[in-house]
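First the structure, in the form of structure tokens, and then the observations on it.
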Amino acid sequence: MSLIPSLPRLNLAPLTQRRLANFKRNRRGVWSLWIFAFLFTITLFAELIANDKPLVVHFDGQFYSPVLVEYSETVFGGEFLTEADYRDPFVAELINAKGWMVWPPIRYSYDTINYDLKVPAPAPPSTQNWLGTDDQGRDVVARLIYGFRISVLFGLTLTLFSALFGVSIGALQGFYGGLLDLLGQRFIEIWAGMPMLYLLIIMASVITPNFWWLLGLMLMFSWMGFVGVVRAEFYKARNLDFVRAAQALGVSDLKIIYKHVLPNAIVATVTFMPFTLAGSITTLTGLDFLGFGLPAGSPSLGELLNQGKANLQAPWLGLSGFFVIAIMLSLLVFIGEAVRDAFDPRKTLR
């Protein structure tokens, strides 16, 4: 009996069934996919796992959800109109006097400062902070959960848009060729020679970087990796008989590109995407480590590594960030290898 989780059984084409079978043969890739999907799914609900607000509050016969809705302190019998601080002993005493609270497993968000530390920050691991705190007293586990989520979402968004632009440009160059392809290749050669890291550092010193600014700046360079493989596939397929027959029947070039030729190029694109995702996460982590990434205070794995470098007396900071990044990138590389084997026509089932 196989220990690998089985994939759903669907009525698929023989080619797709062969690719799925090849993918399942790579046990390391299958396990990596399930582990990565499990971790990413958990981090998508980070607010329900690590938060400084209770999930449910029952007060005076009514239910409240502080995670979803902001409530002022006066709702629970307090004095201030500002949002209630549920970690404040005074507010907690008011609520517990007429009800109860259900807290998430980790009572800290990524920006929550623990003012009850018995030692100066960064504090070592304890029952309150499972992996200790950083140099500002923030819980390391909470920052790892939120940092994992934002890193993967950034990488997935960048990979998706990079594939969209890169595949479109590579398709046009490969299908039409000629002067369009010549000018496109010369532009890519010049643009690829630009120092991306230096440009990102310069832009970060001019503007305040955020998620979308970094995404746009990195997208300016990351799309070029998809152009080469798609362009080669279109060069090979544009002179095949089915393309010439479609042109003779009067089918538009756009329809030929996206309906008849592009499915052949998607194979190379899909096998390239997991490695692009890993590279995007690595670039974001490097920028955060150098201080030119996400805004200060954001949950960042690179910023945690930087704190570990600056606080060698607190090894839990550097080790926590290192192991999370290493596990994440290893899983993505193993998944990419399995996808590459699945789409490789030379891989046949025994």
Distance, nearest 0.5 Å, that separates [atom1] of [X] from [atom2] of [Y]:
X: Leu284; Y: Ile150; atom1: CG; atom2: CD1; value: 7.5 Å
X: Trp316; Y: Leu319; atom1: CH2; atom2: CG; value: 10.5 Å
X: Asp88; Y: Phe80; atom1: CG; atom2: CZ; value: 9.5 Å
X: Asp60; Y: Ile95; atom1: CG; atom2: CD1; value: 11.5 Å
X: Asn51; Y: Tyr110; atom1: CG; atom2: OH; value: 10.0 Å

Donor-acceptor contact present, side-chain [X] to main-chain [Y], <3.5 Å:
X: Thr159; Y: Leu156; answer: no
X: Thr43; Y: Leu39; answer: yes
X: Asn26; Y: Gly29; answer: yes
X: Tyr146; Y: Ala50; answer: yes
X: Asp85; Y: Arg87; answer: yes
X: Arg238; Y: Phe175; answer: yes
X: Trp130; Y: Ile106; answer: no
X: Ser298; Y: Leu294; answer: no
X: Ser330; Y: Ile327; answer: no
X: Thr133; Y: Ala123; answer: yes

How about [atom1] on [X], more than 12 heavy atoms from neighbouring residues, nucleotides or ligands closer than 6.0 Å, or not?
X: Phe242; atom1: CZ; value: yes
X: Phe90; atom1: CZ; value: yes
X: Gln136; atom1: CD; value: yes

Hey, are the side chains of [X] and [Y] touching, using non-hydrogen atoms and a 4.5 Å cut-off?
X: Met224; Y: Trp191; answer: yes
X: Asp288; Y: Leu301; answer: no
X: Gln173; Y: Tyr235; answer: no
X: Arg143; Y: Leu304; answer: no
X: Ser65; Y: Val56; answer: no
X: Pro295; Y: Asn210; answer: yes
X: Val152; Y: Met328; answer: yes
X: Tyr64; Y: Phe76; answer: yes

Legend entry - Stepwise salt bridge (charged side-chain N to carboxylate O under 4.0 Å, His left out) check, Arg138 with Asp111: CA-CA 6 Å; Arg138 299 171 299 191; Asp111 57 351; over 6 Å; no
Would [X] end up clustered with [Y] when hydrophobic side chains under 4.5 Å apart are linked, directly or stepwise?
X: Leu172; Y: Leu240; result: yes
X: Ile281; Y: Trp212; result: yes
X: Phe221; Y: Phe211; result: yes
X: Leu217; Y: Leu158; result: yes
X: Val261; Y: Leu164; result: no

Inset, instruction - Verify whether one side chain among Glu189 and Gln185 offers a donor that lies under 3.5 Å from an acceptor in the other. - result: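 No, no side-chain donor-acceptor contact under 3.5 Å.
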Legend entry - Residues Tyr108 and Asn114: side-chain donor-acceptor under 3.5 angstrom: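 Side chains of Tyr108 and Asn114: pair found under 3.5 Å.
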Non-hydrogen atoms of [X] and [Y] that approach each other most closely:
X: Ala84; Y: Val91; answer: CB-CG1, 4.3 Å
X: Gly155; Y: Ser280; answer: CA-CB, 3.9 Å
X: Gly293; Y: Leu214; answer: C-CD1, 3.5 Å
X: Leu144; Y: Ser320; answer: CD1-CB, 3.9 Å
X: Asp139; Y: Gln128; answer: OD1-O, 4.2 Å
X: Pro122; Y: Leu317; answer: CB-CD1, 4.1 Å

Legend entry - Carboxylate-amine/guanidinium contact Arg25 Asp341, below 4.0 Å: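 Here Arg25 does not pair with Asp341 in a salt bridge, since their nearest N and O are not under 4.0 Å apart.
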Legend entry - Test: Lys53 and Glu47 ion pair at under 4.0 Å: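 No.
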Legend entry - Steps toward side chain to side chain contact (heavy atoms under 4.5 Å, CB included) verdict (Glu73, Glu83): CA-CA 6 Å; Glu73 187 177 307; Glu83 184 181 5; over 6 Å; no
Legend entry - Residues Phe226, Met273; criterion side chain to side chain contact (heavy atoms under 4.5 Å, CB included); working and verdict: CA-CA 9 Å; Phe226 292 91; Met273 289 180 70; 3.8 Å; yes
Legend entry - side chain to side chain contact (heavy atoms under 4.5 Å, CB included) between Thr74 and Glu79, worked out: CA-CA 6 Å; Thr74 56; Glu79 301 176 356; over 6 Å; no
Inset, instruction - Please work out whether the ring planes of Trp223 and Phe187 are parallel, tilted or perpendicular, with thresholds of 30° and 60°. - result: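 Rings of Trp223 and Phe187: parallel, as their planes differ by under 30°.
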Inset, instruction - Please step through side chain to side chain contact (heavy atoms under 4.5 Å, CB included) for the pair Ile207 and Trp213, ending with a clear verdict. - result: CA-CA 9 Å; Ile207 60 175; Trp213 266 108; 3.2 Å; yes
